[in-house]
Amino acid sequence: MRALLATTLLIVVVGDSARGENWPQWRGPRVDSTSSEHDLPLNWSDTSGVVWKVPIPEWGTSTPAIWNDAIFVTTQTEEGALLLMRLAKADGHTVWSRQVGTAETPRDAEKRTVQKFHRLHNNASPSPTTDGEVVIAHFGNGDLAAFDFEGHELWKHNLQKEYGTYTIWWGHANSPVLYENLVISVCMQDSLAGASENLAPSYLVAHDKRTGQEVWKTPRMTEADAEQCDAYTTPIFYRAEGKTEMIVMGGNQVDAYDPATGKQLWYLPGLVGGRTITGPTVAHDMVFVTPGMRKELTGIKLGNHGKVGVAAIAWQYPDNTPDSCCPVIWGDLLFTVSDNGIAQCFDTRNGKLHWKQRLGGNFKASPLAADGRIYFLDQKGLATVISASDRFDKLAENQIDDETTASPAIADGRIYLRARAHLYCIGR
């Protein structure tokens with residue numbers, strides 16, 4: 001009987017562990033950089049806590065998408081091949097690799113009519129996304145493709161060829177999202193007003209995930225001008241009163257759309273900053289955004305219709321705001337880290353600053369929240385772990401010898417770090 005009970009307990013524990021949360025897209029299952037996982041690793045280094053480490057053909061800054069035993073990564077090789085790879089979660093070996101396209105993207109430092117890439121990213125900046133049926137890869141050259149889990153290509157488009165050359169200043173980096181049977185992509189770029197006779201439109205477009213057929217396309221022209229039109233953000237979803245809204249931030253504006261039809265539901269203009277890298281985060285019936293160029297962290301009340309005025313803004317905070325890293329929320333606390341390493345903690349309801357602490361280093365990766373902790377990862381492989389608390393409480397500092405620009409992912413009790421040349425699986 002003892003043996004039977006022990007065996008049953010083991011099956012229950014292992015079975016529960018095997019049903020750990022997936023990380024299917026940029027910023028995770030809820031697109032908010034949070035995980036419901038427990039017993040995550042707290043300490044690691046190059047010589048401790050690394051379950052496995054595998055080389056990835058250099059290089060890219062996209063986050064892995066993880067579904068059950070499959071890990072999907074995108075990368076750009078030194079020869080310019082744009083790859084989608086499936087790795088095995090157990091040991092990181094390559095199950096298959098498919099070339100989606102080549103890095104033949106126009107670059108010109110003097111003209112506004114074509115995009116150029118910032119030195120910190122390339123065509124493999126958009127993260128793949130999956131729903132367990134298909135995996136979608138998008139690259140900065142415009143290639144958008146769907147594959148099944150066996151590596152068979154289902155369909156492929158090139159958004160530059162079909163909808164016009166990208167004119168974003170620092171290289172296209174928006175990740176696609178899946179909503180029901182739709183693949184939704186955004187393009188927010190310089191309109192070329194005053195620089196060209198032909199305007200370059202920003203837009204949202206949805207394709208059928210199985211066939212690739214266009215379902216809807218919505219223009220998104222804002223009041224922004226030149227580089228202020230540019231945004232590298234990814235849409236997020238908010239559900240209330242039985243309806244789902246897709247929220248988009250960029251071009252000095254935050255707005256929401258019906259993801260099934262592409263119809264704009266509401267918009268708040270006048271959030272003037274510059275090109276926008278920091279994506280929005282939703283919690284407690286509010287959306288939190290930071291306009292580009294480190295402008296005010298802004299909390300906006302949701303439940304809007306049509307054009308929205310400043311009355312929807314609940315609070316703003318101007319200092320040490322992030323230029324790249326998205327905010328993350330745990331409970332009623334909102335955590336940010338500036339690109340130069342200043343972490344801050346706010347009350348989501350009123351914007352009260354609880355604490356400010358210099359972590360040091362430079363940051364591009366968005367922090368994670370899980371298991372009552374916040375994980376901050378700088379660009380030199382140093383991960384600082386703190387309590388998700390209104391008092392600054394450092395729990396650990398963990399160093400690996402690699403360049404880390406991509407945001408981490410969490411699945412099945414492990415943390416996955418996509419570095420310059422390797423993918424790390426960190427475990428207890």
Side-chain angles (χ1 to χ4, degrees), residues 23 26-28 33-35 37 39-56 58-64 73 92 118-121 125 127 277-279 294 320-328 330 333-345 355-389 391-411 413-428:
W23 195 269
W26 161 241
R27 300 189 70 196
S33 302
T34 69
S35 171
E37 297 275 338
D39 298 321
L40 293 169
L42 177 60
N43 302 103
W44 65 86
S45 69
D46 277 320
T47 59
S48 174
V50 178
V51 178
W52 50 257
K53 168 187 172 183
V54 295
I56 301 293
E58 292 193 22
W59 57 284
T61 59
S62 58
T63 294
V73 294
H118 192 280
R119 62 180 178 82
L120 291 178
H121 84 115
S125 290
S127 298
I277 305 172
T278 306
R294 301 168 296 279
N320 304 303
T321 58
D323 188 41
S324 301
C325 313
C326 301
V328 66
W330 191 260
L333 301 177
L334 182 148
F335 299 86
T336 65
V337 62
S338 64
D339 287 38
N340 63 346
I342 298 176
Q344 299 186 111
C345 172
W355 55 257
K356 175 176 68 175
Q357 183 73 32
R358 180 175 290 279
L359 302 180
N362 296 305
F363 290 77
K364 296 297 180 183
S366 294
L368 297 182
D371 204 14
R373 303 169 184 164
I374 310 296
Y375 293 77
F376 297 100
L377 180 66
D378 77 6
Q379 288 185 265
K380 292 187 176 180
L382 178 64
T384 302
V385 188
I386 68 168
S387 297
S389 169
R391 295 182 299 170
F392 181 76
D393 176 25
K394 185 189 294 185
L395 303 175
E397 287 187 335
N398 307 303
Q399 181 73 59
I400 59 172
D401 185 18
D402 216 329
E403 179 182 322
T404 44
T405 300
S407 299
I410 293 174
R414 293 176 174 177
I415 299 173
Y416 295 85
L417 305 179
R418 198 276 174 75
R420 173 83 181 203
H422 296 86
L423 180 65
Y424 292 75
C425 174
I426 309 296
R428 288 175 62 88

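- Closest non-hydrogen pair, Leu120 versus Trp59, comes out as O-CZ3, 3.6 Å.
- Side chain to side chain, Thr321 and Arg294 fail the donor-acceptor criterion of an N or O pair below 3.5 Å.
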Please walk me through it: do Ser389 and Trp355 pass side chain to side chain contact (heavy atoms under 4.5 Å, CB included)?
CA-CA 10 Å; Ser389 169; Trp355 55 257; 5.7 Å; no

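- With no hydrogens or angles considered, a side-chain donor-acceptor pair links Arg418 and Ser62 at under 3.5 Å.
- The side-chain hydrogen bond (donor to acceptor under 3.5 Å, both in side chains) pairs that include a residue from residues 365-374 are His38-Asp371, Arg373-Tyr375, where partners are two or more places apart or lie in different chains.
- Between Trp23 and Ser35, some side-chain heavy-atom pair lies under the 4.5 Å cut-off.
- With values rounded to the nearest 0.5 angstrom, Thr404 atom OG1 is found 13.5 Å from His422 atom NE2.
- Although no hydrogens or angles enter the test, the distance criterion places no donor-acceptor pair under 3.5 Å between the side chain of Gln357 and the main chain of Phe392.
- Between Asn340 and Ile342 there is a side-chain heavy-atom pair separated by less than 4.5 Å.
- Annotation: side-chain hydrogen bond (donor to acceptor under 3.5 Å, both in side chains) contacts of Thr61 (sequence neighbours excluded): Ser125.
- In this structure, the separation between CZ on Arg420 and CG on Asp402 is 9.5 Å, given to the nearest 0.5 Å.
- Atom CH2 of residue Trp44 and atom CZ of residue Arg414 lie 14.0 Å apart, to the nearest 0.5 angstrom.
- Annotation for Leu368 and Ala409: closest pair CD1-N, 4.3 Å, computed over non-hydrogen atoms.
- In plain terms, the two heavy atoms of Asp46 and Asp401 that are nearest each other are OD2-N, 2.9 Å.
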Could you tabulate the donor-acceptor pairs under 3.5 Å formed by side-chain atoms of residues 380-388, not counting sequence neighbours?
| from | atom 1 | to | atom 2 | distance (Å) |
| --- | --- | --- | --- | --- |
| Ser387 | OG | Asp393 | OD2 | 2.7 |

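- Using modelled atom types, one side-chain atom of Glu37 and one backbone atom of Gly413 make a donor-acceptor pair closer than 3.5 Å.
- Screening Val50, Leu40, Ile410, Asn43 for a side-chain contact (heavy atoms from CB on, under 4.5 Å) involving Ile426 leaves a single residue, Val50.
- Taking every heavy atom of both residues into account, Pro322 and Val337 meet most closely at CB-O, 3.2 Å.
- Taking 4.5 Å as the limit, some side-chain heavy atom of Arg27 sits within range of a side-chain heavy atom of Ser33.
- For the side-chain contact (heavy atoms from CB on, under 4.5 Å) with Ile400, the lone residue among Leu377, Thr47, Leu417 that qualifies is Leu417.
- Ring geometry for Phe363 versus Phe376: interplanar angle over 60°, hence perpendicular rather than tilted (30 to 60°).
- Phe335 and Cys345 get closest at one heavy-atom pair: CE2-SG, 3.6 Å.
- Taking CG of Asp378 as the start and CD of Glu403 as the end, the distance is 10.5 Å to the nearest 0.5 Å.
- Scanning both residues, Asp339 and Asp323, for their nearest heavy atoms gives OD1-N, 3.0 Å.
- Put simply, OG1 on Thr34 and CD1 on Ile374 are 9.5 Å apart, with the number rounded to the nearest 0.5 Å.
- Side chain of Ser324 to main chain of Lys364: no donor-acceptor pair is present (N/O by atom type, distance under 3.5 Å, no hydrogens or angles).
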